[in-house]
Amino acid sequence: MFVLLFGPPGSGKGTQAAALASRLGVPHVATGDIFRKHLREGTDLGKLARSYMDRGQLVPDLVTCDLVASRLGEPDALGGVLFDGFPRSVPQLYWLIGHLGATGRKLAAVVNLKVDDGIILGRITGRRTCTNCGATYHVVSAPPGADGSCTRCGAAVVQRKDDTEAVVRDRLEAYAAQTFPCLDQLRDRTPIHDVDGVGGIDEIKGRIFTALAL
Ligand code: AP5
Ligand code: MG
Ligand code: ZN
């Protein structure tokens with residue numbers, strides 16, 4: 001089952017993804033996480049991606065689609081994936097539809113997390129991210145371990161470089177101009193489940209499971 005977790009920066013895609021992917025029995029594929037892994041490893045792709053990510057702009061479609069194509073070719077992804085942060089532009093969406101369609105597969109559902117810009121700013125500027133496993137925390141609503149380390153793997157937890165107020169505004173602009181229009185293109189082909197992304201993390205998980213009848 002190929003499912004898309006859709007929503008603006010800070011809407012809680014990464015926070016909700018692990019539980020949902022495990023319930024669906026598919027891997028969680030987050031292009032942002034993959035780019036950050038390349039960045040940590042200092043690969044050429046990581047260096048290229050950084051120049052866009054630090055400015056809150058999208059990494060070029062060709063580069064991103066190539067990356068996703070190779071991830072979708074791995075054995076665990078053949079039967080389904082939970083996408084987080086991809087597709088993020090109309091060309092990426094049509095590339096994905098074509099890529100899956102070539103082997104008779106298609107997107108089964110979209111979960112659209114809805115959160116207002118005012119709330120997003122507080123969430124993102126308070127976010128802390130594990131340098132090793134990518135787990136996400138928030139200084140107020142979901143703090144890391146007592147010594148400031150990741151409760152999942154014990155590594156250091158830091159603030160993402162693109163989580164400053166100035167860059168968040170650019171990311172929100174990129175979302176409105178390039179990502180949001182994907183919803184209109186999806187409307188006639190895939191069920192879209194709008195989910196209120198404001199509330200407790202477990203409460204929102206419940207809403208998502210209910211929407212997908214899980
Ligand atoms: P990416 O990593 O995908 O970032 P994003 O879409 O901006 O989304 P975020 O990860 O910031 O937010 P999220 O929805 O996952 O929220 P989270 O759960 O962490 O992309 C980064 C960059 O990579 C892009 O700008 C671009 O440059 C590049 N990129 C990636 N994919 C690309 C693509 N396909 N094409 C081109 N470029 C691409 O939650 C946020 C915070 O809120 C956390 O602190 C969390 O603890 C807290 N929180 C979550 N839920 C709640 C709740 N219910 N109540 C209170 N706090 C909560
Ligand atoms: Mg995320
Ligand atoms: Zn960790």
Side-chain angles (χ1 to χ4, degrees), residues 4-20 28-39 45-46 48-68 71 83-93 95-96 111-115 119-145 149-164 167-175 178-179 182 195-208:
L4 212 167
L5 200 45
F6 195 90
S11 55
K13 302 183 294 295
T15 301
Q16 297 295 336
L20 179 57
H28 166 213
V29 173
T31 40
D33 290 350
I34 303 177
F35 285 136
R36 278 185 290 278
K37 183 164 180 283
H38 277 271
L39 221 132
L45 174 61
L48 175 85
R50 162 166 272 164
S51 61
Y52 294 93
M53 294 170 85
D54 285 354
R55 285 179 287 143
Q57 293 175 2
L58 297 192
V59 177
D61 290 333
L62 278 177
V63 176
T64 306
C65 293
D66 263 2
L67 183 84
V68 173
R71 180 65 186 93
F83 291 107
D84 159 1
F86 181 90
R88 216 180 179 99
S89 68
V90 171
Q92 288 182 19
L93 172 65
W95 173 86
L96 180 65
V111 174
N112 179 30
L113 286 174
K114 301 186 82 163
V115 179
I119 293 178
I120 282 173
L121 206 60
R123 281 193 186 180
I124 294 192
T125 50
R127 172 167 53 192
R128 299 295 180 268
T129 308
C130 175
T131 49
N132 176 51
C133 74
T136 295
Y137 299 90
H138 188 278
V139 288
V140 177
S141 63
S149 63
C150 177
T151 53
R152 206 195 281 173
C153 76
V157 165
V158 299
Q159 183 168 34
R160 261 168 57 176
K161 211 175 163 194
D162 60 343
D163 277 352
T164 59
V167 182
V168 172
R169 294 203 186 280
D170 292 337
R171 284 161 60 194
L172 286 170
E173 265 178 38
Y175 174 80
Q178 289 164 277
T179 309
C182 291
V195 170
D196 179 3
V198 182
I201 290 171
D202 280 340
E203 195 183 349
I204 296 163
K205 178 175 109 180
R207 288 177 199 150
I208 295 173

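Whatever order the structure lists ligands and atoms in, that order sets their numbers, starting from 1.
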| said: Can you give me the closest heavy-atom contact between G56 and A174, atom names plus distance? | reply: O-CB, 3.8 Å

| remark: shortest atom 31 (N) of ligand 1-to-protein heavy-atom contact is with T31 OG1, 2.7 Å

| Distance under 6.0 Å and angle within 45° of the ring axis: does R55 meet both against Y52? | yes

| query | Under 3.5 Å, N or O to N or O, is G85 touching ligand 1 that way? | reply | yes

| task | Would you check the N or O atoms of F35, main chain and side chain alike, for any that come under 3.5 Å of an N or O of ligand 1? | result | no

| query | Tell me: protein heavy atom nearest atom 35 (N) of ligand 1, and distance? | reply | Q92 NE2, 2.9 Å

| said: Quick check against the 3.5 Å criterion: does S149 have a side-chain atom that pairs as donor or acceptor with the backbone of G145? | reply: no

| query | Between the side chain of Q92 and the main-chain N/O of C65, is any donor-acceptor distance below 3.5 Å? | reply | no

| Location of contacts on I204 toward ligand 1, heavy atoms closer than 4.0 Å | side chain

| request: For atom 39 (O) of ligand 1, grab the closest protein heavy atom and report residue, atom and distance to one decimal in Å. | output: T15 OG1, 3.6 Å

| field | Which residue and heavy atom of the protein sit nearest atom 21 (C) of ligand 1, plus the separation | value | R160 NH2, 3.5 Å

| task | Taking only Lys NZ, Arg NE, NH1 and NH2, and the carboxylate oxygens of Asp or Glu, determine whether R169 and E173 approach each other closer than 4.0 Å. | result | no

| said: Give me the number of protein N, O or S atoms whose distance to the Zn ion (ligand 3) is under 2.8 Å. | reply: 4

| task | Return the residue, atom name and 0.1 Å-rounded distance of the protein heavy atom closest to atom 43 (C) of ligand 1. | result | T136 CG2, 3.4 Å

| remark: Within 4.0 Å of some non-hydrogen atom of T64, the atoms of ligand 1 are 33 (C), 34 (N), 35 (N), 36 (C)

| query | Can you tell me if CD1 on I119 sees more than 12 non-hydrogen neighbours from other groups inside 6.0 Å? | reply | yes

| remark: re atom 53 (N) of ligand 1, the protein heavy-atom contact at minimum distance is G199 O, 2.8 Å

| query | Which bit of R128 is near ligand 1, meaning a heavy atom under 4.0 Å away: side chain, backbone, both or neither? | reply | neither

| Nearest to atom 30 (C) of ligand 1 by heavy atom, G32, G200, P87: which? | G32

| Can you tell which of S141, S89, G7 gets a heavy atom nearest to atom 56 (N) of ligand 1? | S141

| request: Would you kindly specify which portion of Q16 sits under 4.0 Å from ligand 1, judged on non-hydrogen atoms: side chain, backbone, both or neither? | output: neither

| Considering only heavy atoms, does L58 approach ligand 1 within less than 4.0 Å through its side chain, its backbone, both, or neither? | both

| query | What residues, two or more places apart in sequence or in another chain, satisfy salt bridge (Lys or Arg N to Asp or Glu O under 4.0 Å) together with K37? | reply | E41

| request: Can you see which heavy atom on F6 is nearest to which on K13, and at what distance? | output: C-CD, 4.0 Å

| request: Return a yes/no value for G14: is any of its N or O atoms, backbone included, closer than 3.5 angstrom to an N or O of ligand 1? | output: yes

| Where on Y137 is there a heavy atom closer than 4.0 Å to ligand 1, on the side chain, on the backbone, on both, or on neither? | backbone

| request: Answer with yes or no whether G126 contacts ligand 1, where contact means a heavy atom under 4.0 Å from a ligand atom. | output: no

| remark: Looking only at heavy atoms, the pair that brings L113 and S11 closest together is CD1-O, 3.6 Å

| message | Treating R50 as the side-chain partner and L39 as the backbone partner, does any N or O pair qualify as donor plus acceptor under 3.5 Å? | response | no

| Distance-minimising heavy-atom pair for P9 and R171 | CB-NH2, 3.8 Å

| remark: To atom 51 (C) of ligand 1, the nearest of Q159, R127, K205, R123 on a heavy-atom basis is R123

| said: To check your reading of the model: name the closest protein heavy atom to atom 26 (C) of ligand 1, its residue, and the distance in Å. | reply: Q57 O, 3.5 Å

| query | What is the nearest protein non-hydrogen atom to atom 16 (O) of ligand 1, stated with its residue, atom name and distance? | reply | G12 N, 3.2 Å

| request: Please confirm whether the backbone N or O of G122 pairs with a side-chain atom of H138, one donor and one acceptor, at under 3.5 Å? | output: yes

| request: Determine whether the side chain, the backbone, both or neither of H138 has a heavy atom under 4.0 Å from any heavy atom of ligand 1. | output: both

| Any N or O on V59 sitting closer than 3.5 Å to an N or O of ligand 1? | yes

| request: Please check if the side chain of S89 supplies one atom and the backbone of Q178 the other of a donor-acceptor pair under 3.5 Å. | output: no

| query | R36 to ligand 1: N or O pair under 3.5 Å? | reply | yes

| Do R127 and D162 sit within salt-bridge range, that is, some charged N less than 4.0 Å from a carboxylate O? | no

| request: Would you indicate which of K13, R88, R171, M53 comes nearest to atom 1 (P) of ligand 1 when only heavy atoms are counted? | output: R88

| remark: Note: T129 and G134 closest approach over all heavy atoms is CG2-O, 3.8 Å

| query | Where the side chain of Q16 meets the backbone of G12, is there a donor-acceptor pair that is under 3.5 Å apart? | reply | no

| message | As an exercise, identify every atom of ligand 1 less than 4.0 angstrom from a heavy atom of P9. | response | 5 (P), 7 (O), 8 (O), 12 (O)

| field | Backbone N/O of T15 and side chain of T136: donor-acceptor pair under 3.5 Å | value | no

| message | Whether the side chain of R123 engages the backbone of G10 through a donor-acceptor N/O pair (distance < 3.5 Å, no angle test) should be reported. | response | yes

| Using the ring of each side chain (for Trp, its six-membered ring), is F86 parallel, tilted or perpendicular to W95, with breaks at 30° and 60°? | perpendicular

